[in-house]
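Presented below is the structure to which this report refers.
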Amino acid sequence: MAESIVTVFLEKLTDLLSQEAFLLSRVEEQVKLLSNELEWMRLFLKDADAKRRYDPRIKLWVSQIRDVTYDAEDVIDRFMFETNHQQQGSLKCLKFLKLRFVHKLESRIREINTKIEKIMANKSRYGVETLPAASSSNEVVPHKERRAPIVEEVNVVGIQEDAKSVKQKLLNGEIRRAVVSIVGMGGLGKTTLAKKVYNDNDVQQCFDCHAWIYVSQEYTIRELLLGVAVRVGILSEEERSKMNESDLGNSLRDYLTTKKYLIVMDDMWRNEAWDRLGLYFPDSVNGSRVLITSRNKEIGLYADPQTIPHELSFLTEEESWELFLKKIFLAGSANAVCPRELEELGKKIVANCGGLPLAIVVLGGFLSRKEKTPLSWQKVLDSLSWHLNQGPDSCLGVLALSYNDMPYYLKSCFLYCGLFPEDSEIRTDKLIRLWVAEGFIQRRGEEIAEDVAEDHLQELVDRSMIQVAGRTFDGRVMSCRMHDLLRDLAISEAKDTKFFERYESIESTSPVSVRRLTIHQGKKTNSKHLHTSRSLRSFICFSVCFQENILRSLHRRVKLLTVLDLERMPINTIPEGIGELIHLKYLCLMGTRIKRLPSSIGRLTNLQTLDFRSTLIEIIPSTIWKLHHLRHLYCRGVVSSQSVIDRCRNGPLSVGHLTNLQSLCLRAGSWCCGEGLGKLIELRELTIVWTEIAQTKNQGFSESVKKLTALRSLCLDSTVQGVNLPHLLPFSDHTYLYHLCLRGRLERFPDEIEFYPPNLIFLELQCWNIEQDPMVTLEKLPNLRFLRLFHCSSMGKKMVCTSGGFQQLETLLLCYLKELKELIVEEGAMPDLKDLIIDTGPKMKRLSHGLLQRKNLQHLELHGLSPELRDELCRIEGGDPQKIWLATSIHGWRRTAS
């Protein structure tokens, strides 16, 4: 973790030296010295971070580096704050004040450099000098003796179907040498499953020779090759002892070439292990197999991109209870019974394991040696975290291996997820914006920071450190969650490294020295309970009720805030002094009761995200156009016109100044006119609430949208009767535009296929003046997978989807089409339809019967149809009308009807 902290600060320091060269020129020598010393320290921190958990000397040394880095960051940030603040004063004394501040900065950095010298000297003085610097090569150190898996095969529960699936992949399929992988979170039972399959009689008889090797994090290639050679029985001990890695590998390859073999590579952590070992596992096109277990899905895909990894899931509640009982009462038997007086306590203990077999076995094994009394079990329940966190072989110790193995740039991202409440579903778009604002995402060529962050998110998913909770229409991760035990690990690590503090409420015992503070489910409190560090960078609240003077107190006491997240807090105002928080990069007021945004918002020149959706704000000050670093702007108000005084002071301001914008959600106004919008070439998401005023002032709007070729999502929304949506030019150049939503009155329905984006996946039309059958055009869109039609009250009485149309469509939603009488879907249309929802079609009397019999149809909802159609469907399916109607209103038409 310290490696990540130092790396983030060094990048920040580099940026400051280039951006503030004039201010920092007088202290350039000391700043460069600081940078060089921290670079040297960083070389040692990768190994030190992993070892500090069990070596107090290393732990102290790492914590000193972390603290001195935080001190350096505070010193420089306060200097930037003070100089910026003084720029508001008189020009006469500005030069004198700057010199005073620069002198103060130089003195403080000298002190920090002296501290660093002492820290490095202590490394040698107190025996920490044996710690090696991290190597940039792919060399690996000799591996240590590996322990057997904790989850014994005798206690296997809930993997019967998994075993069948993996066995089938080993025995059937292509005759090429395939690599089958079992992947999942630490402690899920990957090794147990692999052993069950490996020892299966059918599997043993199918292959000429077998070998099992533990790879683990520390290994040598020669030892692994030696392990395979011993198990397949080639070469004498004397011959093996004389061979180097290459000779041993070549001999093994020659032998395996004539055999149908099965080799298990258990607990793989690196692609490099496969690169070097896979060379000696020949493909003789005879059905040979390699079976890999890994916590990282990417490793399985790397070894064999053609074989989908088998991902293990968590145990169900029933399976967890069964495993728990077997471990405590009757190992190996299916008849384990828990005494009634212990059942409630036992189920509470099991619930805390979150379906993770490792945790269940650890706690079950511990309880099996204890008295089986309510008092004894209650004590274990009261101290669960202690029992799961004792030593490297403990449950959290095993999970910590995955954390320690992560590259530095993922550690901060992972720990940050621990800020969110238990069992919460985390919106990944918000999470990514927070990561970027916190500075966790380093530059990677010309890539946009949000794209790099999305890659980090996917890497955490592949490493089984976070779970996917939901996906967007184009397959990206929309929301995620953390397993409770991994969240406990994140909170424990964050507290230990002073990364963040988490409190249930703001009380007098709250920390006085903290970097990030998150408060969950707090009671109503006031400012006298808020004791926060001057170095606080992030303040994030979840379901907290507090008095508004806390907000005033916060901006007075804490000047270096980077993140302020008050989503859905019951506050009515935001103080004018918010503009003093010049380091603020993320400000979320979404769902609050705030009615006014102060004009001082324009002084937050470092702001990247400003979100005040679902507030009472109607008028937005024009100073918002001064926020040149803004990347995401979400609001529904109207931007005020620039005053004469403001124009004299700042010059003309417009949306065209915000060239870094990627997301824009705003009510239409004069800012839509002219060329300003067309300058936002980085824009990916554009949502505009169209108004009556905008209808008369939309000159240049269509031409501007035509230039926004980076758009992925475009939504134009007008629910005002009589207001036409703006005329739009064809989207033929918008190759990234996957989502298009038009809500309002169209001048005319665009019936030319060339109008639509070539790669459109999701289309929503809520346009009440569509008169013709839109399917004639829409069925020809080659990539359309989701189609929603709402409130098209003028639409004709008949829709026809012809054979061959909608070849990719998966979801069709038709709502409030009050004139529609017939929906005809010919044979061969919509072959991949999975979801069909028809709501409030009171005149609909005909629905293609074949549509309900699509083989891929998984979800069907029919609401508000005519009685005639209901009766007809009932007669066709042969069942009780009310039963079928209720069933189709929920899900599973064919399954329920049968």
Side-chain angles (χ1 to χ4, degrees), residues 47 50-51 130-150 153 170 177-182 190-191 194-195 197-199 203-294 299-300 302-304 392-393 401 405:
D47 292 309
K51 294 178 180 179
T130 55
L131 188 69
S135 172
S136 59
S137 71
N138 290 327
E139 295 177 3
V140 289
V141 298
H143 74 284
K144 301 174 183 177
E145 188 66 27
R146 296 184 253 307
R147 55 181 173 78
I150 292 178
E153 192 170 348
L170 294 180
R177 181 212 66 191
V179 180
V180 179
S181 55
I182 302 171
K190 299 180 294 295
T191 298
K195 277 197 170 182
V197 176
Y198 180 76
N199 293 325
V203 173
Q204 288 286 315
Q205 292 172 15
C206 182
F207 298 94
D208 300 328
C209 56
H210 323 77
W212 181 296
I213 53 174
Y214 289 101
V215 182
S216 197
Q217 289 176 290
E218 300 175 337
Y219 61 88
T220 62
I221 297 298
R222 187 182 181 280
E223 279 196 31
L224 294 175
L225 291 171
L226 190 61
V228 178
V230 169
R231 287 164 179 82
V232 299
I234 65 166
L235 307 174
S236 67
E237 186 175 344
E238 183 180 354
E239 288 174 317
R240 293 194 300 261
S241 64
K242 294 178 181 179
M243 287 184 172
N244 60 26
E245 175 189 313
S246 179
D247 292 338
L248 187 59
N250 290 333
S251 296
L252 180 62
R253 182 174 54 214
D254 292 342
Y255 176 78
L256 293 178
T257 299
T258 62
K259 303 291 182 181
K260 181 179 180 181
Y261 60 84
L262 170 63
I263 296 173
V264 179
M265 301 176 66
D266 188 28
D267 198 24
M268 278 189 64
W269 292 77
R270 299 281 183 278
N271 288 335
E272 292 79 12
W274 175 252
D275 286 336
R276 298 177 65 182
L277 280 171
L279 297 172
Y280 304 115
F281 301 154
D283 184 359
S284 300
V285 197
N286 60 2
S288 292
R289 295 288 184 265
V290 177
L291 179 61
I292 286 174
T293 72
S294 178
I299 288 175
Y302 179 83
D304 189 343
D393 291 335
L401 292 175
D405 181 68

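Asp266 places no side-chain N or O within donor-acceptor distance of the main-chain N or O of Thr293, the cut-off being under 3.5 Å. Side-chain atoms of Arg231 come within 3.5 Å of backbone N or O of Trp212 as a donor-acceptor pair. One N or O on the side chain of His210 and one on the backbone of Gln204 form a donor-acceptor pair closer than 3.5 Å. Looking only at distances, a side-chain donor or acceptor of Ser294 sits under 3.5 Å from a matching main-chain atom of Met268. Distance alone, capped at 3.5 Å, is enough to place a donor-acceptor pair between the Ser284 side chain and the Thr257 backbone. Under the 3.5 Å distance criterion, the side-chain polar atoms of Tyr261 are matched with a main-chain donor or acceptor of Pro282. Between the Asn286 side chain and the Lys259 main chain, a donor and an acceptor come within less than 3.5 Å of each other.
Inspection of the Asn244 and Ser246 side chains reveals no N or O donor paired with an N or O acceptor under 3.5 Å. Side-chain contact, Ser236 with Glu239: a donor N or O sits under 3.5 Å from an acceptor N or O. When only modelled atom types and interatomic distance are considered, Asp275 and Tyr302 share a side-chain donor-acceptor pair under 3.5 Å.
Using a 4.0 Å cut-off between charged nitrogen and carboxylate oxygen, Glu238 and Lys242 count as a salt-bridge pair. Between Asp405 and Arg270, at least one side-chain N (NZ, or NE/NH1/NH2) sits under 4.0 Å from a carboxylate O, which counts as a salt bridge.
The minimum heavy-atom distance between Leu226 and Leu248, with the atom names listed, is N-CD2, 3.6 Å. Annotation for Gly227 and Ile213: closest pair C-CG2, 4.1 Å, computed over non-hydrogen atoms. Minimum interatomic distance between Glu272 and Tyr219 (heavy atoms only, all atoms of both residues): C-OH, 4.2 Å. The shortest non-hydrogen separation linking Leu235 to Ser251 is CD1-CB, 4.2 Å. Contact record, Ala273 with Val215: CB-CG1, 4.2 Å, taken as the closest heavy-atom pair. Between Tyr198 and Leu262 the shortest heavy-atom distance is CD1-CD2, 3.9 Å.
Contact annotation: the side chain of Trp269 approaches that of Leu401 to within less than 4.5 Å [non-hydrogen atoms, C-beta and beyond]. Contact check for Lys260 versus Cys206: side-chain heavy atoms found under the 4.5 Å cut-off. The side-chain heavy atoms of Asp267 and Lys190, taken from C-beta on, include no pair separated by under 4.5 Å. In this structure, the side chains of Asn271 and Ile299 come closer than 4.5 Å at one or more pairs of heavy atoms. Contact annotation: the side chain of Ile182 approaches that of Leu291 to within less than 4.5 Å [non-hydrogen atoms, C-beta and beyond]. Contact annotation: the side chain of Leu256 approaches that of Ile263 to within less than 4.5 Å [non-hydrogen atoms, C-beta and beyond]. At least one side-chain heavy atom of Glu245 sits under 4.5 Å from a side-chain heavy atom of Leu225. Between Ile292 and Val180 there is no side-chain heavy-atom pair separated by less than 4.5 Å.
Note: Phe281 CZ to Ser288 OG = 11.0 Å, rounded to the nearest 0.5 Å.
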Begin from the C-alpha positions of Ile234 and Leu252 and carry the test side chain to side chain contact (heavy atoms under 4.5 Å, CB included) through to its verdict.
CA-CA 8 Å; Ile234 65 166; Leu252 180 62; 4.0 Å; yes

Between Trp274 and Val290, does a side chain to side chain contact (heavy atoms under 4.5 Å, CB included) hold up when you go through it step by step?
CA-CA 11 Å; Trp274 175 252; Val290 177; 4.0 Å; yes

